[in-house]
Amino acid sequence: MEDQPPLALHYFVIGMYFFVILFEFRGNPFSRKVYLLLALLLIGSAMLQFFMATNHSFAGVISLLFAYFALQSRRRLNE
């Protein structure tokens with residue numbers, strides 16, 4: 001992890017995404033602010049993967065995709 005901090009951050013934020021989604025599937029979702037914060041963290045992780053890390057563009061695309069899913073989950077909680 002010391003050699004590639006952007007990739008370590010990417011894995012940490014992806015782990016947080018799956019933790020939040022697990023609670024949503026169990027019927028105990030977090031507040032809407034948590035989903036917004038998670039989406040912002042995922043977008044930040046994607047920007048790090050695109051501009052700071054070398055050869056990790058696919059990880060950036062995955063982060064953007066999960067950010068979109070987090071925002072969709074946030075909208076679903078509103079309704």
Side-chain angles (χ1 to χ4, degrees):
M1 287 194 184
E2 291 180 12
D3 296 336
Q4 299 177 348
L7 193 59
L9 179 68
H10 168 74
Y11 289 142
F12 178 72
V13 175
I14 294 296
M16 284 189 342
Y17 171 78
F18 283 115
F19 180 75
V20 169
I21 295 302
L22 176 69
F23 271 77
E24 183 181 350
F25 284 149
R26 294 180 75 193
N28 191 12
F30 287 94
S31 69
R32 294 180 68 223
K33 292 179 184 177
V34 172
Y35 288 94
L36 182 61
L37 176 66
L38 182 62
L40 291 174
L41 287 173
L42 283 164
I43 290 171
S45 173
M47 294 301 115
L48 278 175
Q49 297 305 316
F50 286 138
F51 299 116
M52 298 288 287
T54 57
N55 299 328
H56 292 291
S57 297
F58 186 69
V61 172
I62 295 297
S63 290
L64 286 178
L65 185 67
F66 284 162
Y68 175 75
F69 290 154
L71 287 176
Q72 291 300 318
S73 295
R74 181 178 180 265
R75 288 186 186 123
R76 185 172 49 246
L77 289 176
N78 189 22
E79 297 173 356

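One-based numbering along the sequence shown.
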Verify same cluster id: F66, F12 (apolar side-chain graph, 4.5 Å): yes
Should Y68 and V61 be regarded as members of a common hydrophobic cluster, given that ILVMFWY residues are connected when their side-chain heavy atoms come within less than 4.5 Å of each other, either directly or indirectly?
no
Determine whether F23 and F18 satisfy the following criterion, side-chain contact (heavy atoms from CB on, under 4.5 Å), listing intermediate values before the conclusion.
CA-CA 9 Å; F23 271 77; F18 283 115; over 6 Å; no
The side-chain contact (heavy atoms from CB on, under 4.5 Å) partners of F25 (sequence neighbours excluded) come to I21
Tell me which donor-acceptor pairs under 3.5 Å the side chains of residues 35-49 have, and how far apart each pair is, sequence neighbours excluded?
unit_1	atom_1	unit_2	atom_2	d
Y35	OH	E24	OE1	3.2
Q49	NE2	P6	O	2.7

Self-check item: Side chains of F50 and L64 in contact at under 4.5 Å (non-hydrogen atoms)
Solution: yes
Residues at least two apart in sequence or cross-chain that pass side-chain hydrogen bond (donor to acceptor under 3.5 Å, both in side chains) with Y17, listed by chain then number, are none
Cluster link L71 to L65, ILVMFWY, side chain under 4.5 Å: no
Measuring only between side-chain heavy atoms, which start at C-beta, is M16 closer than 4.5 Å to V20? no
